[in-house]
Number of protein chains: 2
Amino acid sequence: MAVKAGVSGATVSRVFNRPESVSPSTREKVLKAAKDLDYHPNVIATNFIKGISGNIGVIIPRIKNIHMLSVYYFAELLGGIGDALSRRGYNLVLLYHDITAPVMPGNDYTKYFKGNKVDGGILLGTFANEPSLVKLKEEGYRFCLINNYIENSGISYADADNLKGSYKAVKYLINLGHEKIAFLNGPMYYTNSIDRLKGYKRAMEEHGIPFNRELLFEGNYGRKSGYTAARKILSAKSPPSAIFVSNDRMAAGLLQGLLESGVKVPGDISIVGYDDSDVATVVTPQLTTVHVSFYEIGYRCADELVKCIKGEKDYFGISVQPKIVIRKSCSRPR
Amino acid sequence: MAVKAGVSGATVSRVFNRPESVSPSTREKVLKAAKDLDYHPNVIATNFIKGISGNIGVIIPRIKNIHMLSVYYFAELLGGIGDALSRRGYNLVLLYHDITAPVMPGNDYTKYFKGNKVDGGILLGTFANEPSLVKLKEEGYRFCLINNYIENSGISYADADNLKGSYKAVKYLINLGHEKIAFLNGPMYYTNSIDRLKGYKRAMEEHGIPFNRELLFEGNYGRKSGYTAARKILSAKSPPSAIFVSNDRMAAGLLQGLLESGVKVPGDISIVGYDDSDVATVVTPQLTTVHVSFYEIGYRCADELVKCIKGEKDYFGISVQPKIVIRKSCSRPR
DNA sequence: CCTGGTTATGAACACGTGTACATTTTACCT
DNA sequence: AGGTAAAATGTACACGTGTTCATAACCAGG
């Protein structure tokens, strides 16, 4: 290539990296030769010289090949991450992290970073206060969390404001006139679930409604757990007039369970879901739910992570605001 | 590292690549030193030497940041691809290919391959007989298609057997006693849609039911297009007793439309969906639908692609068999 | 103990680029 | 035209590994 263009290798390098540092005439000469030869700088050699891999790893936990993440926001999230990374010249590489049970103390994430495999990592689906995350941070690796955070750990994160989202949803029900509001939450090993419970409690408290332990239920974010919750909820001492559910899939299952029991939704019981996934619009009645832009979370997270890697900053905490989407699953109580 | 172990760099290299070629004593010496120093061979340098990137690109088409793929199988597919690749030491890198309209003649996929960015590509969501694919093949790049194929092109692919899946679904309806069976298909610029129409026709033909152009409808795989199709289908000269729908999302929309018009499902009209996505179980009645293992498609495809890259073969065509999943949306006709 | 052959190791080089430094060319001012 | 500073280009080297070839250590058979 350098010989074809009649210049030194250094000049070729300059044309592609700091074009302004080379005279217009030779610049054109080089570009023409590059076009003729279909020459493109070898990315591997470039990265090798720079001492980087050019890869950002997105680490995804799985149990026996089963995703623990809602697939619905997975695609959107990756889209955001991918756009941010490609704009900054990094590759988005997917790494699947196999675990055997929901809460594993000894997760070793370091293996993905050793030997310059990736320049940084985005960890999805990690658990509340997971010790391996703190360890990873201490070892000096560049990474951040999505959908989780650990206070005072210095670990960067991007998350939806789950407390606020939950708060808004419950407040919406309260404003409709509901007082007996049940909450079907997800597993408490997720920070998400913890925060949503806080939001639920805060909304109730602010309106002078005492927290009733009997109206709190826990599912596993799957449809079936919503379905089976229906029976439990209906057999409570004083059944609720509204139920806030921590994701749409469970809400859909719950809805099926309620309809089977002859309960009218929203006539007898109102439901608010969470996620605004496909499921929300497909169900009858369509679900009032809480929407979060996972594209935004992904994009901003990846963008900030790259800044950290480049040394422009060394910490970020992003909190994206959810919005309530009103559809057909709520009404005033009788 | 080499000095710490008291050996030459060449020996270190051998320990990690052909351990049997080095004496047990020095091997242990090297491994111990590696452990002490937390040494891991630099992947970038290794790839640089080998002249490879170690990356396989999964190329995903989008229109204005909107995925054209069903998100439901996206995660499963990537899981399969990721497992196969990591087992073989390759990275799965996601590449988003922005296009402006559904059918673009001039898609340039070559840019993802230039300069050793990736060693091979897996293209998703491409269109039937897309000329740019043939061009890509002619230029000698290693790649394959998922959910598409081009006959006699020599282009490798992995796909579900859509003709067979569609055939089974329609045959199931016929066996229940249906004769007036409508088909709500997806856009015909997808090979998938073309094949499903063939399967529909074949099943009808085999049972002596003439193909009726008036019972063929086309949507865009979105829920709304199913919803609006309900009215059209009901206003046909002789409305069908069953409808085969080319994906679950449209089927769910259709279901909503039918219920709103007072049609009972499956009493008045039976529905069969396609995909076996989340949507199928969330809807009432739950959808009888066609299931495909996208994990398998992804895994086998990636595995074969790596073989091609390593020169072990130079073509493959994988066809995965769909299965019908019977739920609650079908009954015998009146 | 020597010889021939086998096995284990080291020395030197190559891969394709970016960068620091040296050198040459250009531009401008007097 | 001469001189000096600035801009443009070239030279030489480094990055960390795998590989080839040469050398050294070892081993078995006589």
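Source: prediction; values computed, not measured. No hydrogens, no waters, no symmetry mates; every other heavy atom, side chains included, goes into these values. Every chain is numbered from 1 and lettered A, B, ... according to where its sequence line falls, protein lines coming before strand lines.
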Visitor: If I take atom CG in residue B:Asn17 and atom C1' in nucleotide D:dT19, what distance separates them, rounded to the nearest angstrom?
Guide: 10 Å

Visitor: Find the distance B:Phe16:CZ to D:dG16:P and express it as a whole number of Å.
Guide: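 In whole Å, D:dG16 P and B:Phe16 CZ are 15 Å from each other.
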
Visitor: Would you confirm whether A:Ser13, through its side chain, and A:Gly9, through its main-chain N or O, come within 3.5 Å as a donor-acceptor pair?
Guide: no

Visitor: For a quick test of reading the model: is some side-chain N or O of A:Ser21 closer than 4.0 Å to OP1 or OP2 of D:dA7?
Guide: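 For A:Ser21, the contact criterion (side-chain N or O under 4.0 Å from OP1 or OP2 of D:dA7) is not met.
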
Visitor: Using a cut-off of strictly less than 4.0 Å, decide whether B:Ser13 has a side-chain nitrogen or oxygen near OP1 or OP2 of D:dT19.
Guide: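 Answer no for this pair, as no side-chain N or O of B:Ser13 is under 4.0 Å from OP1 or OP2.
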
Visitor: Atom CD1 of B:Ile49 and atom C1' of C:dC15: how far apart are they, to the nearest Å?
Guide: 5 Å

Visitor: Just compare C:dT19, D:dG16, D:dT19 and give me whichever is closest to any side-chain atom of B:Ala10.
Guide: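 Of C:dT19, D:dG16, D:dT19, D:dT19 is nearest to the side chain of B:Ala10.
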
Visitor: Given the rule in the side-chain hydrogen bond (donor to acceptor under 3.5 Å, both in side chains) test, do B:Asn192 and B:Tyr221 qualify, once you have shown the distances and angles that lead to the verdict?
Guide: CA-CA 12 Å; B:Asn192 276 3; B:Tyr221 284 135; 5.2 Å; no

Visitor: Taking atom C1' of D:dA6 as reference, at what distance in whole Å does atom CD of A:Glu20 sit?
Guide: 15 Å

Visitor: A:Arg14 has an atom CZ; how far is it from atom C1' of C:dA20, in whole Å?
Guide: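 For the pair A:Arg14 CZ and C:dA20 C1', the rounded distance is 10 Å.
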
Visitor: Distance alone, cut at 3.5 Å: any donor-acceptor contact between the side chains of B:Ser53 and B:Asn116?
Guide: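 Short answer, no.
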
Visitor: Using atom CG of B:Asn42 as one end and atom P of D:dA14 as the other, report the distance to the nearest whole Å.
Guide: 18 Å

Visitor: Looking only at side-chain atoms of A:Phe48, point me to the closest of D:dG16, C:dT17, C:dT9.
Guide: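 Minimum distance to the A:Phe48 side chain belongs to D:dG16.
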
Visitor: Could you please name the option among C:dT9, D:dT17, D:dT19 that lies closest to any side-chain atom of B:Arg18?
Guide: D:dT19

Visitor: Would you kindly give the CD1-to-C1' distance between A:Ile52 and D:dC15, to the nearest whole Å?
Guide: 13 Å

Visitor: Can you see which heavy atom on A:Met1 is nearest to which on A:Leu37, and at what distance?
Guide: CA-CD2, 4.2 Å

Visitor: Do you know which two heavy atoms are closest between B:Tyr190 and B:Thr126, and how far apart they sit?
Guide: CD2-O, 3.8 Å

Visitor: Please work out if A:Val7 contacts a base, only the sugar-phosphate, or nothing of the nucleic acid, heavy-atom cut-off 4.0 Å.
Guide: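 If one applies the 4.0 Å heavy-atom cut-off, A:Val7 turns out to touch the sugar-phosphate alone, with no base involved.
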
Visitor: Just N and O in the side chain of A:Thr11: are any of them under 4.0 Å from OP1 or OP2 of D:dT9?
Guide: no

Visitor: Could you state the atom-to-atom distance from CG of B:Leu37 to P of D:dG16 in whole Å?
Guide: 14 Å

